[in-house]
Amino acid sequence: MATAPEIDAPANPLEAFRTEARDWLAANFSPDLRGKDNSMSAVEGPNDDTPEQAAWKKAMGDKGWSVPTWPKEYGGGGLSRAEARVLQEEMAKVGAWNPMGGSMGVMMFGPTLLEYGSEEQKQEHIPPIVRGELRWCQGYSEPGAGSDLASLQMFAEDAGDHYIVNGQKTWTSGGQWADKCFALVRTDKTKKHEGITFLLIDMTSPGVEVKPIQMISGSSPFCETFFTDVKVPKANRVGPEGQGWTIGKRLLQHERNSLGGGGSSASRLFAGTPLSALAKKYIGVDAEGRIADGELRTKIIRHEMDIRAFALTLRRVQQDAKSNSGPSAATSIMKNVGARIMQERSELLIEIRGMAGLGWEGEGFDEDALKDTRHWLFGKAVSIYGGSSEIQNNVIAKRILGMLDHQ
Amino acid sequence: MATAPEIDAPANPLEAFRTEARDWLAANFSPDLRGKDNSMSAVEGPNDDTPEQAAWKKAMGDKGWSVPTWPKEYGGGGLSRAEARVLQEEMAKVGAWNPMGGSMGVMMFGPTLLEYGSEEQKQEHIPPIVRGELRWCQGYSEPGAGSDLASLQMFAEDAGDHYIVNGQKTWTSGGQWADKCFALVRTDKTKKHEGITFLLIDMTSPGVEVKPIQMISGSSPFCETFFTDVKVPKANRVGPEGQGWTIGKRLLQHERNSLGGGGSSASRLFAGTPLSALAKKYIGVDAEGRIADGELRTKIIRHEMDIRAFALTLRRVQQDAKSNSGPSAATSIMKNVGARIMQERSELLIEIRGMAGLGWEGEGFDEDALKDTRHWLFGKAVSIYGGSSEIQNNVIAKRILGMLDHQ
Amino acid sequence: MAVLTEEQTMLRDMAREWADNESPVTAFRAMRDGAPAEMFASDAWQAQAEMGWAGILVPEAHGGVEMGFVSLGAVLEQLGRTLTATPLAATSAATAAIVLGGSEAQKAAWLPRIASGEVIATLVIDEGPRFAPDKIAASVSGGKLSGTKEFVAEGDSAGLFVVAAADGLYLVAGDDAGVSRATRHLADSRSHAQVTFDGAAAEKLAEGGADLLTQVTDRAAAATCAEMLGMAEAAFAQTNDYLKTRVQFGQLLSSFQALQHRMAKMFTELELMRSAVEGAFEAIDAGRPDVPQAVSLAKAIAGDTLHLVSREMIQLHGGIGMTDEHDAGFYIKRSRVLETMWGNASWHRERFARLGGY
Amino acid sequence: MAVLTEEQTMLRDMAREWADNESPVTAFRAMRDGAPAEMFASDAWQAQAEMGWAGILVPEAHGGVEMGFVSLGAVLEQLGRTLTATPLAATSAATAAIVLGGSEAQKAAWLPRIASGEVIATLVIDEGPRFAPDKIAASVSGGKLSGTKEFVAEGDSAGLFVVAAADGLYLVAGDDAGVSRATRHLADSRSHAQVTFDGAAAEKLAEGGADLLTQVTDRAAAATCAEMLGMAEAAFAQTNDYLKTRVQFGQLLSSFQALQHRMAKMFTELELMRSAVEGAFEAIDAGRPDVPQAVSLAKAIAGDTLHLVSREMIQLHGGIGMTDEHDAGFYIKRSRVLETMWGNASWHRERFARLGGY
C-alpha cells in the first residue's frame, strides 16, 4: 500500500503525525460535538445530521480519515497502520467519532472492492463510500439459503450487455434506506459454488421492492427484498462470472472480523456501567461488601473473567497479525466468544434488574433498561448472522482441527 | 407369571406375606451378619464368604428369594412385584442383603434366558444362578467393536453339532473369575446384525485365555478374553442362528435398567454422608452458617437438586410401568442422568476435600477418601459402558424425538 | 405425567384440547396486537370460568370443584403451551391465600365470585423488581392499608387484591377509593401494574398460621411452574418440528448430529423439569411438610430449563426465529418474566440450601 | 503464543524438542512404575539443570540467566505436555521467593546452588488440604520454626524449604535436624509430603514488603498454570488424534458432528486459557500492579478448562482411556492435583471479585 513518504520522513515520524492529527482535529472537531456520535444511524436508520454533525462528516470524508488506511487515489487517508492507531488515539482523546465507521461500505464492501474490483469500479464506488454519500446493503441470504448460503437461487440471466435479475433476498440490512446493493446471484444453475456471481445493483432500479422485517426486538433493521426483471449492466459485475463465491466469502471475512474481533466491539464490552456495580445497586451487599446474591455474583465474576480472557485473546490475535505470522488459530474463536459475552451480559442484566429489566416501553423504567431489553432480544442474532455459532464450530473443527466432513 | 395362589388368598394378602417374610428372615438372617454385606464380591472378585455368610447365601438360594419374582419352577421365589417390594422392605429393616443381587446372572443373563432360552437351557442354567453357584461373564465388546457393537468379528464356524469359535473379546467383567460366558459371535460375515448369534461358552473350555486389564483406578474388574479354536456345542446356542442381535439387545436393556434406574443405585445416591455436611467439615461456615465457599456451595445445591429430580423421575418411571402404560419417555434419560450424578458427586468430593481427596494409598488419608478416589476414576466408565452417553443421546434423538439418522 | 385420577385426566385432556383449538398462539398474538386495557384475552377467560377452572381450588361449599394443585397444574401447563393470556394463575394464587388464611365470612364473600369468574383476584407482595417477601414495608393502621406495590400480575383488571403488609396478608377490594394503578408494559405483553394503596380498606387473613405468606407464595410459584412446564414443552416441540422441515446443505437440520445431541440433552432436562414440577404439586396436595423444598426444587429447575429451551428455540430456528412474525420471541419474552416471578432460580437454590441447613 | 523475544523462542523450542524426545510420557510412566524415593525423574532433572532451566529466575550475578516468567512459563508448558516429573515448578516458586524477599547474603547462599541444580527448593504454605494462606499457625521463636505442613510438593527431596510462618516467610535447610517428612501418595504419583518442623533453624526473608506472601504464591500459581496449559494442550491434541483413527459405525469418530462441535468448543476454551495464562506471565514480568487479578484470572480459567479437557479425554477415548495402559488416566490424575494447588478455581474467582470490590 502506498503510504505517504513525506510523513514517514522525520526522525520520529509517528509523533510528527500525532501533532498533525491533533491540529487537524482541533480545527475540525468542535468540542460541542462531543457525546453526539450519531454514526450508527448510518446503519440503523436514515440520517438526521445537525449542521455541525454534517460539517464533521464532510471534513472526515474530504480528508479520507473515515477510512484512514485506504489508498489516497480513491479518496482514502493513505495512512500506515501505526498512523491509523495514532489517529484513533487522538480522536478518542477529544471524543471524536468516525461518522462512516459502521457503514457496510466501509466495513465490508469497500475492502472487498479494493481487492477484486476493476479500476473503473474502484474509481466509481470507493470515493462515495469514503465520504458517506451512498449507503450499501448486502444481498446475500435468501429464504432457503441461510447458513448454507451457496444454495442461493436468485437468478441473473445473461441478456447481452446486461443481466435480468429475478428472485428474493432476505435479511437485507438497511435495505429500506440503501442506495446500492452488493449481491450474490446465480448465473449457472448446474453448479453450486461455481455458479455464483457478484453483482452491484442499484436499489432505485425498476423491479426492486423492499419490505422491512419486524424483529422480536420491535425494530426493523432488515428487509425482504424482491427483484423482478431487474436490469443490471454487466459493468456492475465484480470479477468474472462464476467467481462470485470467492469474492463473497472474502467479504464475509471482513464482516466476521468486524463482528467478533473489531477493536471497537471489544472496547464496547468494557464500556458502560460494570455489572458488579449495577448488581450492588439492585441487590445490595452482604456484611463483607459482596453482592448479596451469591450465585449471581459468581455468574458476574465468570462473565468479567470471560471478557478479560477475550480481550487478552484479541490482543494476541493482533500481535500475531502484527508479527506477520498471519491469522492465528485464535482468530477463529473470536466471533463465538464475542457473541456469548454479548448475550450473557444481556441475560445477566435481566437477572440483576428482575422485572425492571424486562420493560418494553412506557412509564416506570430506566431509559437504559428499556434499551437493554431491546438489545437483549436483538442480540440473539449475533450468534445467527454472519455465520452462526454452529457454522463457526464446523469451521473450527474442519479447518483448524482437521476433523473430517461428517457426510 | 405364575404367582403363588395360597399367599394371595387371605383378606390382606400382602400383610400376611409380610409376616411370613419377617418370620423367615428372623430364622435365617442372624443379627450378627448386619453390616457384613459382601454381595459385591460376586461381581468384583473371588468369593471369600465366612461360614455365616455362606449359610445366608444358601438359605436365600434355596428359598429362591435371591430372585424373588422369577418362576418357582426354575428355583425362583415366584413372588408378585408387590410381594417382592414387601420382602425388600423387610430385608432393609433387618439389614439383610441379597447375596446374589449384583451378579451378571441375576441382573442380565437370567431374565434374558427366561425370555429366549429353551426349556432345557432354563432347567440347566437358571437354578445355579438363583443359588449363586456359577458366575457368568459377558462376551460382547471387542477391540474394534465398542459403541458400534454390531461390528463384532469373533467368528463361530459351523462344525456339525458344535461351533469352532475364534476371536477376541474385551471388557469382559469378572472374566478371570467366571465359569461361563454369554457371548455374541458372528456366524455370517456377509450380514451385519443378522449375522450375529448368541452362544453360551464354558470358560474352562480348551482355547479360552483370560488376561485382566488394569484400569486407571488401579483395579482389574475386566479382562481381555482370547478364544482359539474353542468348541461350543450347538445346544448352547440361545435362539436361532442369526437372531443373536435381538437377544443381545434385550439383555442390554436389562443392563441399562440396572445401571441407570435400579432402585438400589438411586437409594445409594441418598446414602452416605451428604456432601453439604462434608463441605461444612472441610471448609467451615460463614456467619450465617452457610458453607464458606459460596461457589462450591452452589454446586452442591445444584447437585442435591439433580439427585432429587432424578429420584422423582425414577418414581415417575416406576408409576408409569405400574399403570401399564409401558416404559415412559423418561426411561431413556435415566442412564445419562445417573452417570452425571455419580460422576459429579466424585468430582465434588475432590473439590471439597482438596488434596486430601486425591489420596491414592498409604498414610495420611481417610479410608473413605481413599475409596472415593478410586471410585472417582472408575466411575468415569459409567458414561462409557452399557451404551455411552453419546449412544444414549443418539437413541433419544432418533427413537424418542424422531430425528433422522445423520448419515 | 404424574399418576392422575380419572377426573384429573379428563380435566387435563379437556384443557389441552381447548388450548389447542380455542386458544392457540394466534390468540395471544391477536391480544397483543389489540392491546386491550385489561391485557388479557377476555373471551378466553370467560370460557375458562364457564368450564369451572377458576374454581379448581375453591371448596365445593363455596361454588368450586376443589380439585387441588395437581389438577390446577395440569390445566395451567396446557395454557402455558399456547401462551394463553388469562388471569387464571394470578387468581388461583390469590384463591389459595383465601382458602388457607380466610375466615368463613371472607371465604363466603369472595370465593363464590372467584369460582364463577366474576372477580379476578391477584396476589400482591413485592415492592421492588425482585422477589423479596422479607422486605415488606406496606402497613395497615386502623384497617387502612398503605404502600406501593410493583409489577402486580393482572394488576390492571384485578377486582380483589391479596396484599402483603408487614404484619400479614390482607384483602383489598379493587374498587376501593384508596387503590390506584399504573400499567407497566413488560416484554411479555401481559398485564403488570404498579398498584398504590393509599389508606385502602383492608381485611386481614387471620387464619393459616405464621407461615401463611410462605405457604401462599409457594403456591403462586408452583402455579407459575406449571405454566413454565407447558411453555418449555411447546417451545421444545416446535423446535423439534422445525428441525425436521428445514433443509440446509442438502440435509434436514434434524439429521445433524450436533443438533441431535443438543436436543437430546434438552429433552433430558425437560424430563427432570417435569418430575420436579409435578413433584411440587403432589407435595402441596398431600400437605407434606417439605412443600418449600419441593417448590424451590421445581422453580429452580423450571427456571434454568425454560431459560435454556427458550434460547435454543431462537438459536435453532435461525433468522426466522428472530422475526416478530414467528412465535419464538413470545416464548423467550414470557420465559424471562416467569423465571423472575416469585423468586428466580438463584433465590430458590439459596432457600433450598438454607432449609437443608447449609 | 505471546510475543516472545528471539531468546525466549529458542528456549521454548528447545524445551519442546527436549520434552518430546527426551522426556515423553513413557518416561513419566517409568518413573511411576519405578517409584523412586524422590518421586521424580532424576535424570531428567539433571538434564534440565545442565540446560540452565533451574536458573531461569535466578539473577545473572548469582549464576542464573534471569529470563523471567514468560520464559519459565514457556518451558513449564512444554514439560506439562509430556507430564515430565521434575521439581522445576516447585524450585522456581521457592526461587521467586528468595529473589523477591531474600537479603543479599541469603541470595548468595542459595541461588547459585539452585541455579546449578544442586539444591531442590520448594514453597511450603498450607497446613491443611486446601489452599489457605490466611490460616498459618506455624510460628518462629528465637530463630526456630515449628509447625506441620501438608502436601508439600517435592517435599520428599527438597534441600531447601521456603516456609510460611504466621509472621512471614522463612528459609529452612532440608537437612536441619528439626525437619521430618512423611510421604503422601497422591493419585498423580508425584512427590507430596507432610513436613514437620520441630524447632528447625529458620532465617526470615525480610525484604519484599508486606505482600511478599501474596507475591510468592501468585508466582507459584502462575508456574502451575504453565504446566496446566501444556497438559491441556497435549490432552486435547491426543484426543483429536484419536478421533481421527478410531472407526465406529463405519466412520471415523472425527466425522461425527456432535464430537466435532464438542472439540470446537473445547478448542475455544483452550485459546482463552492460553491468553489468560500468558497474560499472567506478562503481568509478572512487567511488574504490573494487577498481578493478583491476572493470576486469579489465569488459575480460574486454567482450572476449569483443564478439568473439562481431562474429562473429555477419557470420555472421548471410550474404554481404552479407562485403562492404565493408556495415558489418559495420568492426565486426569495430575489435573486434579494442579487444579487444587495454590487455590482452585472457586478460590481465585472469589479473590478476583474481592479485588474488584464486589
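Naming: A, B, ... by sequence-line order, numbering from 1 per chain.
A 4.5 Å side-chain heavy-atom check between A/D293 and C/E350 finds every atom pair outside the cut-off. Looking at heavy atoms from C-beta onward, A/D148 lies in side-chain contact with C/F249 at the 4.5 angstrom threshold. Looking only at side-chain heavy atoms (C-beta outward), C/K333 and A/W360 come within less than 4.5 Å of each other. Side-chain atoms of A/L296 and C/N344, non-hydrogen and from C-beta on, never get closer than 4.5 Å to each other. Taking 4.5 Å as the limit, some side-chain heavy atom of C/T340 sits within range of a side-chain heavy atom of A/L358.
Of the atoms belonging to C/H307, it is side-chain heavy atoms, and not backbone ones, that fall under 4.5 Å from chain A. Neither the backbone nor the side chain of A/F222 comes within contact range of chain C; no heavy atoms are under 4.5 Å apart. Neither the backbone nor the side chain of C/H317 comes within contact range of chain A; no heavy atom of the residue lies under 4.5 Å from a heavy atom of that chain. Residue contact with chain C, scored on non-hydrogen atoms closer than 4.5 Å, involves the backbone and the side chain of A/S389 alike. Heavy-atom distances place the backbone of C/I320, and not its side chain, under 4.5 Å from chain A. Both the backbone and the side chain of A/L377 have a heavy atom closer than 4.5 Å to some heavy atom of chain C. Residue C/A258: no heavy atom, backbone or side chain, is found under 4.5 Å from chain A. Interface residue A/T373: only side-chain heavy atoms are found under 4.5 Å from chain C.
Taking all atoms of both residues into account, the shortest heavy-atom contact from C/T323 to A/I213 is CG2-CG2, 3.5 Å.
To the nearest 0.5 angstrom, A/M215 atom CE is 4.0 Å from C/M322 atom CE. The distance from atom CD of A/E347 to atom CD1 of C/I332, rounded to the nearest 0.5 Å, is 6.0 Å. We find the CZ-OG distance between A/R297 and C/S346 to be 13.0 Å, quoted to the nearest 0.5 Å.
A salt bridge links A/E295 to C/R349: one of the charged nitrogens lies within less than 4.0 Å of a carboxylate oxygen.
A search for side chain to side chain donor-acceptor pair (under 3.5 Å) contacts involving A/N393 returns A/N336, not counting sequence neighbours.
Here the side chain of A/Q214 pairs no donor or acceptor atom with the backbone of C/D324 at under 3.5 angstrom. Under a 3.5 Å cut-off, the side chain of C/Q315 and the backbone N or O of A/S383 do form a donor-acceptor pair.
Among the candidates A/F378, A/Y282, A/F365, the residue making the largest number of heavy-atom pairs closer than 4.5 Å to chain C is A/F365. Taking chain A as the reference chain and counting heavy-atom pairs below 4.5 Å, the highest number among C/A328, C/G329, C/G319 is found for C/G319. With chain A as the partner, the residue from C/R246, C/E150, C/E339 showing the most heavy-atom pairs under 4.5 Å is C/R246. Residue with the most contacts toward chain C among A/G294, A/G218, A/G359: A/G359 (heavy-atom pairs, distance under 4.5 Å).
For residues 348-355 of chain A, a heavy-atom distance under 4.5 Å to chain C picks out A/I350, A/E351, A/I352, A/R353, A/G354, A/M355, given by residue number.
Atom CD of A/E361 has more than 12 neighbouring heavy atoms from other residues, nucleotides or ligands inside a 6.0 Å radius.
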